[in-house]
Undergrad: 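Following this message is one structure expressed as structure tokens.
Below, chains carry the letters A, B, ... as their sequence lines are ordered, and counting in each starts from 1.
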There are 2 protein chains.
Amino acid sequence: MQLEKTTKPRQKEGKRGYGDACGLAHALELIGERWALLVMRELMFGPRRFSGLKRDLPGISANVLAQRLAELEERGLVRRAKLPPPASVQVYEATEWGLEAAPVLGVLGKWAARSPLHDPSLPISHVSVMLSLQTMFEAELAGDFEATGRFRLGDVTYLAEVREGRIDVRRGEPGQCDFTVTAEPAQLAGVVYGGAPIDAIRIDGDLALAKRFVTLFPLPSKVA
Amino acid sequence: MQLEKTTKPRQKEGKRGYGDACGLAHALELIGERWALLVMRELMFGPRRFSGLKRDLPGISANVLAQRLAELEERGLVRRAKLPPPASVQVYEATEWGLEAAPVLGVLGKWAARSPLHDPSLPISHVSVMLSLQTMFEAELAGDFEATGRFRLGDVTYLAEVREGRIDVRRGEPGQCDFTVTAEPAQLAGVVYGGAPIDAIRIDGDLALAKRFVTLFPLPSKVA
DNA sequence: CCGTATCCAATAAGATACTG
DNA sequence: CAGTATCTTATTGGATACGG
């Protein structure tokens, strides 16, 4: 008799969902694919171009990035936009709801920080570092400390403002700031999280404030 | 000339990591594979057997479940244990660190609850429903309301205790309780989240407390 | 019954080349 | 630069079959 295995009926043709009403399962259908959350991470501080995303996501291939962006767009997490002239380039930006995924990134990252398998020597993007400042900031360590720092990481500038026990991190130039850090993302991470001496990064402005600033982001103890 | 494509050097042979020092990327390497977080979900209220996991994860195949459990075990999130005699069966349980992933599940689920694509008609496990109560509980709606409910979902019994603006959900029999709900997980979800009438589920004990109880878990508004 | 191991077909991911 | 096309490899799911 002939083999008919190729004609087997499949209950869910074409889709590979979890078939589970749990919100968690649905979340994984939205952003559970490989690279999806890292793409969202790169969009958290504002619109990005395709090539920038590709550069900062080490090892992603163009077709996978294009597919992820298309999926995230059709799910309502990402939107294509055109930057106003004279730039007029196409960019990808997170929608409102997409930006609401920020706590997800924070909780995941914070949880993983306790992992004994974590390798901090790998490359890291400027978005990752600045987002980690937002995530790992500890209000109790800050007390009533106040400072505004400017961070020149490669060709992107961020602004981090500590005030009233909160931190606000965003892209752009501050109107004024107490100090300016100029470094590669990995160097900054080394100083804040790796115990590297602060002169591993260039600091202009109020060095004392900067020294205090970098102590506000404690790493949790490793689990093993 | 001969094709030598199969001998291409691959920079990360055998592993498919993200090559990214970001904590988020590492989190995804730990629990980013398909099914991994859903397996963790099923372990959040205590040890489970292989067959129970397979039953409550709709559509997972035995080999994938076995592989996920093995990976989670070697990463320190899951541990094999043997239930004490007379049961003496092997179970899987979350480690301390694995249990610390609970907030991750909560944040993800809560975020996804705003999705317009969510289909609540799919099957749902008892763990999912009880975990969602923990997640979606709104302290402000509770005020100083106090109640202890027993939930018989299939062959598993849970206990949910609302007190001092907090909720505690766990497996087991309560010493005493105000009401007992007997239902399938989907029916309970329908009453709590779907606006189904409360008589869709069986309630013994204090009906008034139970009616109030099921109002403490508001769904966020859909995003589109 | 409790898993494990193995095979196979379908998909997703990765590498690379190429086009407007 | 911004993707698409194509091809290769890896992972997944489904169906058994197997050992305790």
Undergrad: Under 4.0 Å from OP1 or OP2 of C:dA12: is there any side-chain N or O of A:Arg34 that close?
TA: no

Undergrad: So, OP1 or OP2 of D:dG13: does either fall under 4.0 Å of a side-chain N or O from A:Tyr18?
TA: no

Undergrad: From D:dA2, C:dA13, C:dC2, pick the nucleotide closest to the side chain of A:Glu33?
TA: C:dA13

Undergrad: Answer yes if the side chains of B:Thr180 and B:Arg150 hold a donor-acceptor pair under 3.5 Å, and no otherwise.
TA: yes

Undergrad: Working to the nearest 0.5 Å, report the span between CZ of B:Arg68 and CG of B:Asn63.
TA: 10.0 Å

Undergrad: Between C:dA13, D:dC1, D:dT12, which one does the side chain of B:Trp35 approach most closely?
TA: D:dT12

Undergrad: Locate the shortest heavy-atom distance separating A:Ala102 from A:Met44; write the atom from each residue and the value.
TA: CB-CE, 3.1 Å

Undergrad: B:Leu69 CG to C:dC2 C1': how many Å, rounded?
TA: 13 Å

Undergrad: Side chain of B:Phe50 only, heavy atoms from C-beta on: which candidate in D:dG14, C:dG3, D:dA10 is closest?
TA: C:dG3

Undergrad: Nearest to the side chain of B:Val64, heavy atoms from C-beta on, is which of D:dT12, D:dC1, C:dG14?
TA: D:dT12

Undergrad: For A:Ala62, which contact category applies under a 4.0 Å heavy-atom criterion: base, sugar-phosphate, or nothing?
TA: base

Undergrad: Figure out the NZ/C1' separation between A:Lys54 and D:dT4, and round it to whole Å.
TA: 13 Å

Undergrad: Answer with base, sugar-phosphate or nothing: what part of the nucleic acid does A:Arg55 contact at a heavy-atom distance below 4.0 Å?
TA: nothing

Undergrad: Please figure out whether A:Asn63 or A:Arg80 has its closest DNA chain D nucleotide nearer the 5' end.
TA: A:Arg80

Undergrad: Among B:Tyr158, B:Phe45, B:Phe213, which residue meets the ring-ring contact (aromatic ring centres under 6.0 Å, His included) test with B:Phe151?
TA: B:Phe213

Undergrad: Which pair of heavy atoms, one from B:Gln176 and one from B:Thr148, lies closest together, and at what distance?
TA: O-CG2, 3.7 Å

Undergrad: Within the 4.0 Å heavy-atom criterion, would you say B:Ser61 contacts the bases, only the backbone, or no part of the nucleic acid?
TA: base

Undergrad: Without decimals, in angstroms, what is the distance between A:Ile60 CD1 and C:dA15 P?
TA: 11 Å

Undergrad: Answer yes or no: is there an ion pair linking B:Asp204 with B:Arg152, defined by an N-O contact shorter than 4.0 Å?
TA: no

Undergrad: Rounded off to whole Å, could you give me the CG-to-C1' distance for the A:Leu65 and D:dC1 pair?
TA: 13 Å

Undergrad: With respect to the side chain of B:Gln67, which nucleotide from D:dT12, D:dT4, C:dG3 is positioned closest?
TA: D:dT12

Undergrad: Using atom CG of A:Asp56 as one end and atom P of D:dC1 as the other, report the distance to the nearest whole Å.
TA: 13 Å

Undergrad: Between P on C:dC1 and CG on B:Leu53, what's the gap in Å once rounded to a whole number?
TA: 17 Å

Undergrad: For D:dA2 and A:Arg49 - does any side-chain N or O of the residue sit under 4.0 Å from the phosphate oxygens OP1/OP2?
TA: yes

Undergrad: Grab the NZ-P distance between B:Lys82 and C:dC2 for me, whole Å please.
TA: 13 Å

Undergrad: With a 4.0 Å limit, can you tell me whether A:Gln90 has a side-chain N or O closer than that to the phosphate oxygens OP1/OP2 of D:dC1?
TA: no

Undergrad: Write down the distance between CZ (A:Arg68) and C1' (C:dT11), rounded to a whole number of angstrom.
TA: 11 Å

